[in-house]
Structure formats: structure tokens, C-alpha cells
4 protein chains.
Amino acid sequence: MSQPGGVAADQLRAIVERIEKLEEEKQTIADDIKDVYAEAKANGYDTKIIRTVVRLRKQDSAERQEQEALLDLYMHALGMVLPDTSET
Amino acid sequence: MSQPGGVAADQLRAIVERIEKLEEEKQTIADDIKDVYAEAKANGYDTKIIRTVVRLRKQDSAERQEQEALLDLYMHALGMVLPDTSET
Amino acid sequence: MSQPGGVAADQLRAIVERIEKLEEEKQTIADDIKDVYAEAKANGYDTKIIRTVVRLRKQDSAERQEQEALLDLYMHALGMVLPDTSET
Amino acid sequence: MSQPGGVAADQLRAIVERIEKLEEEKQTIADDIKDVYAEAKANGYDTKIIRTVVRLRKQDSAERQEQEALLDLYMHALGMVLPDTSET
DNA sequence: TCGCCTGATAGTTGCC
DNA sequence: GGCAACTATCAGGCGA
């Protein structure tokens, strides 16, 4: 059965509730992160620096991926295709 | 002994790693949420509206009414009238 | 003469610079907008509501009604009733 | 005269209109940017690569600023303050 | 041409 | 209370 004009209430409700449950879990973790920062601060660390460190580490790995993507992009632009590593 | 200028490297490392682990978990959940929306869309639901529903449910109704009152005030000041949601 | 593998470097450079110049201008205007909001706030206005007003004015009213109808449908399916915007 | 409960309609209207005018200008520039990309594509360039180039150039300059900020941060953490260049 | 997906923008929340 | 980071939303571009 299809949707607009006769919505399947049960299915809709299930969807909304799954989302709400996941968002709640996400919020819990966000709170945990905040706690870690608070604890760090209580131990005398400068949280601003820690945040920067965390950000830079993430950025580094993102950058590495970007380099690969860029290489890939150029290769395609030159009409060359990298042999796929996974295969049938 | 205390921190800046002689930092307890192990403790600092532990902090950073705890944060990174938590952020990873948080990202996993965020991805799960995206999946639920994708599934909903695949089943013919309008995800934009579902997002609105989720947001409205989260929003405290007292706060909601307060905002609406102020919005109403501003709209009137501009000579605009909000289209009534209820209708004959 | 054609492009990939012998790129017209000058033309490419010109393109990139035009884009960068336009993006700079765009950023300048974005900053101006921020200034207007800041000024409004300094004059005692609630910027959150002003943003809402601006958004509503931009939104085509037909589209708005359509969204509201669908939202209404979903809310009913969940057994929730939208608080009426008009009131005694 | 103050705001909530007697909003200065003229001032409010002026604010909203200034914002709308600026947003319109911003949109015009955004459209110009789109045009440049379209023209580039018509001339045989790969717009995806151009977008990447533009993004990387922006990122580079942002990164340079970040390095400076980070240095500054560490200096402060070590209790060293860079002699302010401007002073009374 | 349509639908998906990524990148840009706007809004919210937390820190200083 | 202002500023900055982060998140969520939206729109435009790309590929099928």
C-alpha cells in the first residue's frame, strides 16, 4: 500500500520512534564527550588545546583521504583508471 | 606534579583517545539515523516532513506557543497575517 | 586546441580567479547581513524571530500550505494534533 | 520606545527589507558563479576538478592562519605571551 | 530528466 | 552576553 493520502500510521510511528531513540543515544554520547572535557579541565588541562589536537588529528586523516580522492580525480581526467582493488 | 611545561603525556593521550572513540560512536549513530531516513524515503515517506514532526515533538509545547506569539506580533507589525492552520 | 592533456593554463587561471573574486564578494555580503542582524539585536529585536519572518516571506505560500497539509496528515496519523495558531 | 509589546513596525520593516535586499544581491552573485562554471564546462573543462582546485586554495590559506593560531595557543599555554604589536 | 549525494548555508548550543 | 564550534537542513550538481 502506498503513502500520501492514507499514511500507514503504525509504520510512521515506528520510524519516528526509531529516530527518537537513536537521537537520544547520540545525545548521551555527546554528553559523555562533554564529561571527558570537563574531567580533563579539572585535571589542569587546557581544553581548548585538546580540542585543537583532536580536530587536527581528524583533519590529518581526512586530508590523506582527500589526497587519494584527488589523485583518483586526476587519473580519471587523464583517461586513466586505477585497477580496482576489489573484484569479482 | 602539574601540567603545562611537563605534561603527563600518557594521561593526555588517554584523554584524546577516549574522545576520539566517543566521537566515532557518535558518528556511527548519526549514520544509523541517516539510514532510517533513507529507508523511510524508500517507503514513500516525505523525509522533510518527518524531520519536522520529530522536531515538533522534541520542542516543548510551552516554548512553541511562546515563539508563535512573538512571531505573530512581528508579522502583525509588518501587516502580514499567518495563514490559519485550521480551515473549514 | 582542446583541453585535458595540454590545458590552456591562462584560461584556467582566469576562471579560477573569477570564481575566487565572486566568492569574496559573496562573503562580503554575507558579512553585511550578519551586521544587520547584529544591529537589530542591539536594538532589542529577537533575531531568531526575524530570521523566521524572512524565511516565511521568501517561502511561496502555496508551497507552505502544501507542506502544512502533509504535516497535518502525519501528525494525525501519530494521534497528535497541531496546536491551533489562532486563539481566543 | 522599546520592543516586545509594541514593536516599532517601521524599524522592523526596514530591517527585514535590508536583509531581503542583501540576500537578493548574494543570490545574484551565486548565480554569477554558477555561470562561470557553466562557461568553463562549455569550454571543455572538468568543473569537478575546478571546484576541487578552488576549495584547496581556500583551504591552504585557512591552514596557514590555523598554524599561526596554534602557535599562539601553545605560546600562551607555556605562559609566554607574544609581545603585542599594537600598544598604548 | 529524475533521483541521489555531496557541499554550502543557516541555526543551535556551549564556552569564555 | 558575545563569539565560535558544531549540527542539521537545504540546494545545486552529477550520474544513471
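Just so it is clear: chains get the letters A, B, ... in the order the sequence lines come, proteins before strands, and each one is counted from 1. Note that the structure is a prediction, hence the values are computed from the model and not measured. Computed from heavy atoms alone, side chains included, the values below leave out hydrogens, waters and symmetry copies.
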query: Hey, is the side chain of D:T47 poking within less than 4.0 Å of OP1 or OP2 on F:dC14, counting only N and O atoms?
result: yes
- prompt: Rounded to whole angstroms, how far apart are CG on A:D31 and C1' on F:dC6?
  reply: 15 Å
task: Would you indicate what C:K26 reaches in the nucleic acid, counting non-hydrogen atoms under 4.0 angstrom: base, sugar-phosphate, or nothing?
output: sugar-phosphate
message: In this structure, how many angstroms lie between the P atom of F:dG1 and the CG atom of C:N43, rounded?
response: 16 Å
query: When the distance from OH of D:Y45 to C1' of F:dC14 is rounded to whole Å, what number comes out?
result: 21 Å
field: First encountered from the 5' end of DNA chain E, between A:Q27 and D:R55
entry: D:R55
message: A quick test of your reading: do over 12 heavy atoms of other residues, nucleotides or ligands sit less than 6.0 Å from CD of C:E24?
response: no
query: With a 4.0 Å cut-off on heavy atoms, is B:K34 in touch with a base, just the backbone sugar-phosphate, or nothing at all?
result: nothing
- prompt: Hey, does the side chain of C:Y74 reach the backbone of B:D46 with a donor-acceptor pair shorter than 3.5 angstrom?
  reply: yes
query: Do any side-chain nitrogens or oxygens of B:K48 fall under 4.0 Å of OP1 or OP2 in F:dT9?
result: no
message: Rounded to whole Å, how long is the line connecting atom CD1 of D:I19 with atom P of E:dG11?
response: 10 Å
- line: Separation of E:dT12 atom C1' from C:Y37 atom OH, nearest Å, is 15 Å
- prompt: Start at the 5' end of DNA chain E and walk down; is the nucleotide closest to B:K41 or to C:T52 reached first?
  reply: B:K41
- prompt: Could A:R18 and B:E39 be called an ion pair, given the rule that one side-chain N must be under 4.0 Å from one carboxylate O?
  reply: yes
message: Can you measure C:I29 atom CD1 to E:dA10 atom C1' for me and round it to whole angstrom units?
response: 17 Å
C:R51 CZ - E:dT9 P separation (whole Å): 14 Å
query: Should A:K21 and A:E25 count as an ion pair when the cut-off is N to O under 4.0 Å?
result: yes
- prompt: B:I50 CD1 to F:dA8 P: how many Å, rounded?
  reply: 16 Å
- prompt: Does the distance from a Lys or Arg side-chain N to an Asp or Glu carboxylate O, for D:E66 and A:R55, drop under 4.0 Å?
  reply: yes
